[in-house]
Structures are given as structure tokens and as C-alpha cells.
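Beneath this line is the structure, given in C-alpha cells, with notes to follow.
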Amino acid sequence: MMLHLQRGVDPSSSLCGVRSQRHGLRFCGDGMRGDVSRRNVVVMREGMRVCGRVHGGRGVPAMGVRASGGEVASCDQEGEIRSDCRGEASGIAVLDMGAYFGEEAGARERFVENLRDQCHTVGLFYVKNHGVSRELCDKMLATARQFFDLPTVVKNEMDYTASPQFRGYMKIGVENTAGLVDFREQIEFGPEENAEGNADGDGDNAIYPVFRRLSGPNQWPPATYVPEFRTTAMEFMEQMNVFSMHLMQALALSLGLDYDFFDSTFLHSPHYQMKVARYPPKPAEDVNAGVGVFGVGPHSDTGFLSLLLQDNVGGLQARTVDGAWIDVPPVEGTLVVNLGEMLQLATHGYYLATVHRVLSLPGSRSRYSIPFFFNPCLDAEAKPMDIETITSKEWRDTTARGGESTHGGKNKLHPVFGINTFKSFARSHPQIVKRHHPDLMDAQGNLVLDRILG
Ligand SMILES: O=C(O)CCC(=O)C(=O)O
Ligand SMILES: [Fe+2]
């Protein structure tokens, strides 16, 4: 079995010194392989050298372990949105990225081992000292709230149906997850780029794979209403990217691979996706009428890594391998990390794509969250990993747990990341395909899957 994670276009880009055209990221090293003690992880960001150091992030309160239950952690600062709520952590691990970068002997090895353990047994954990500035996190949540407080008519000016890249504002009810309509409004973002491929039918369809149409510009809230939204969100995505790449390097080490194993598939131009979301409290009548309490129903994420900045309201829950739902309450200074199905696929289910959901209970206030999905270049291909590349005996001896996927059946994952992503957007938003990609739809309004799958 080989984790055959490769880019279709430029395999030589795995060499040291690959530079992201988009973000100016650069990861460099000399072939550290499974040797987690080497401290040569170097990131160049916007010409700045951030070598083995992280900034921001305060400590977390002591964790209390408790059994799962419907109780949701909340904070007493009514009305103020911050990321610093003190919640109990349901026994979910808090990994300290500061230890990974620090000088203490053995700390990096312990971090990596713990990471492997959490990925294998839970698939979801908190990370503190992640390097995404605390002030920026708070500002991101505050500007999100400013946006959602705007009149509907203003929000609709950036309606996602205007975007061939499926980006922009989606009102409540537009998205559904595993067949259940989500009870949240959100803005979809991706890397800020010029449109590639043939979005809107003004290029040559034949020369580009269909996933190139996912590249393009974002729709931004009007600066007159939320002046700092764009700069804040751009900086936030940048810092989340840097953190994600560090985590991918740590994940490579945790699998006994060279630390830069994933660099070529991600570094060149990771196709991340960010949602800025508001979950209003569910109307009590709906809940009483049996409509349910879900902001987002149970699902696993399709990509590689999902990172989450959540405010202090709570409501996120994860399902353990034993089938119990446990709270993933806000924990001060942390981001929640969960693994997606492509990583699960690549590791034969050794690493778990955890099923999770969001509860929106009546009476509580709106919850704001920023999920960030870190994914490889659009042309990256994920295939199951070569077991021989894994050095650890424990790994070889372990039977894969075969984590559950919510994307089985007709909606199977495609190994090429971009195709998979385009297909799932197209399935969820046929009206965008009809409007912007009419060549991908037949006269009956069905997707032309052969064309999408290439
Ligand atoms: O908003 C959250 O807490 C999680 C959202 C989520 O799971 C998703 O968008 O996939
Ligand atoms: Fe999710």
C-alpha cells in the first residue's frame, strides 16, 4: 500500500525550496525522515523567517474529563464574541504545538507520538500554541458578526449564485449535510486568485480539467459596511495555512515519513476552503415539532485537515469510535483539528475521519465559527499508502480500524482531490452548474458526470 500522494503536474516540486506562488510560503529541509528530533522546520512567510518558533496562544485551563452528554459548555460574557471561553474538554486531547517547536529534549518526539495516537484513536483534538495570533482570531470572529448583523439585502449582494467558484453568501437552508438542511448562514471563501479554466464559458473547455474552474476570486463584503473584513480574512487564511503546513509536516513524521513528504502536494497551491458561519439558535417550535436541533447534521469532512475556530457558545460534538457523542466545547486559545476522509483513505483507515455535528439549541445565542479546510493542490491524487514506507512496527502490526465515511455509496470519494471537490459542489449546487457551467449539465438538468470525472 502506498500513500501515493502526488501532484499530477510537477512531480519535481517535492524538492526543497518549493515556493508557493500564492502565499510566499516556503518549506525547506534536508530529508529528515522519521527523525522527529531534528529542528530544521523552516517557514518563509512574506519574506519573514519564522524558524521553529510560534507566536500567540495562551495556555489552556486544566482539562476535566467527563462522560458524553447533551450539555453544551457556554460562557458568561453575554453578547461578547471571543475565542477564549473556558470549557471542559470532554477528555479530548489538547496538543501543544509549542512543544513541537521548542527546545526541550524529547518534546517533539512526544508531540508526534501523541499526535499519532490521537489521529488513530479519535481523529479529533485541540491544538494550542498553533501560531495563529489570538488577536486575529478575535478580530475574525468580530468581523464575522459585523457581517451577519447587516440587513439581508446587503448580504444578498454577495450571493454565492453569482460565483462560478461556488463562493459567497449562503443564507440559511441553502446547504445541506448528509441529507439534512443546515441551520446556518455562511460565506464561502477560497484562495484569492484569477479565474482559471473555463468559468462562465469564455474559454476553451477542452483544455482544462474541470477542477480548474474552482480557482477564482472571492466575493467580499462591501468595505463601506465591514471595512476590515477583507484584510482580516486574508491574514487569517494566511496564518491558518502556515499552521496547517506545520501540522502536515508533523503528521508526516507521525507516519514515519520524511517531514516534508506532503510538501509537494500542498505547498505549491493548497486549495483550502474557509467558511465564516453563524448558527442562530433553533426556534423552540421547530425543535418541538421534531425538526431537530442540528446546526449541521452528523458528517465527516471530505478533505485532509479541518481546523476550526469557534467562539465561546459551544454546540460542536464528535462521535467516538464506540458511537457515543461527546462535546467538543470551546477551550481557551485552541483550534479544533479533525481529519478528513482523504487522509483516512490514504492511511487505510488508520487515521480516522471523525464524524461530528453541531447542535443549535433554542434559547441560546447565535454561535459563530470559522471552519478552515486545508487541502492539497487541486490536481493532487490520494491513494492508499505504501505500508513499506511506514517504519514503525506498531504500524505494520495494526489492523486498520476502517473509520466510517459519510460519503459512501453513490457519492464515493474520487482520488483526484479537485475532481472530488468539484463533484461535491456541483451535486450540492446544481443551479450554479446550470448558470455558470452549462456544458456540464444535460437537457434534463442532470450533471454530465463523465465530463466532470474527466
Ligand atoms: O461550525 C462548526 O463547528 C463545524 C462545522 C463543520 O463541521 C463543517 O462545516 O464541516
Ligand atoms: Fe465538518
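Just follow the structure's listing: the first ligand is 1, and inside any ligand the first atom is 1. It should be emphasised that the depicted structure is a prediction, and the values quoted were computed from it without experimental measurement.
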> If you stand at the Fe ion (ligand 2) and look out to OD1 of Asp301 and NE2 of His299, what angle do those two lines make, to 10°?
Replying inline: 90°

> When you measure from atom 10 (O) of ligand 1 to every protein heavy atom, which one gives the shortest distance, and what is it?
Replying inline: His299 NE2, 3.0 Å

> With a 4.0 Å cut-off, would you call Arg184 and Glu175 a salt bridge?
Replying inline: yes

>> Could you check whether Tyr100 and Phe243 have their ring centres less than 6.0 Å apart?
In response: no

> Atoms of ligand 1 less than 4.0 Å from Leu308 heavy atoms?
Replying inline: 1 (O), 2 (C), 3 (O)

> Heavy atom under 4.0 Å from ligand 1: found in Val296's side chain, backbone, both, or neither?
Replying inline: neither

> Is the distance between the ring centroids of Phe266 and Phe374 less than 6.0 Å?
Replying inline: yes

> How far apart are the C-alpha atoms of Arg212 and Asp379, what are their side-chain angles, what is the distance that settles it, and do they pass the salt bridge (Lys or Arg N to Asp or Glu O under 4.0 Å) test?
Replying inline: CA-CA 9 Å; Arg212 287 277 158 236; Asp379 54 5; 3.8 Å; yes

>> Looking at Glu192 and Arg230, is there a salt bridge between them, counting it only when a charged N and a carboxylate O are closer than 4.0 Å?
In response: yes

> Does ligand 1 have a heavy atom under 4.0 Å from the side chain of Val336, from its backbone, from both, or from neither?
Replying inline: neither

> Of the choices Lys275, Gln273, Arg367, which has the non-hydrogen atom that lies closest to atom 3 (O) of ligand 1?
Replying inline: Arg367

> So, are Glu185 and Arg278 salt-bridged, with charged N and O less than 4.0 Å apart?
Replying inline: yes

>> Closer than 4.0 Å to some heavy atom of His356 - which atoms of ligand 1 meet that?
In response: 7 (O)

>> For atom 5 (C) of ligand 1, what's the nearest protein heavy-atom neighbour? Residue, atom name and distance, please.
In response: Tyr279 OH, 3.4 Å

> Is a salt bridge present between Glu113 and Arg108, judged by a nitrogen-to-oxygen distance below 4.0 Å?
Replying inline: no

> Looking at the Fe ion (ligand 2), which N/O/S atom of His356 is the nearest one?
Replying inline: NE2

> Who's closest to atom 9 (O) of ligand 1 heavy-atom-wise, of Glu175, Arg184, Arg357, Gln317?
Replying inline: Arg184

>> I need the atoms of ligand 1 closer than 4.0 Å to a non-hydrogen atom of Phe373, numbered in the order shown.
In response: 8 (C), 9 (O), 10 (O)

>> Any carboxylate oxygen within less than 4.0 angstrom of a Lys/Arg side-chain nitrogen, looking at Glu188 and Arg167?
In response: no

>> Give the atom numbers and elements of ligand 1 that come within less than 4.0 Å of a heavy atom of Val358.
In response: 2 (C), 3 (O), 4 (C)

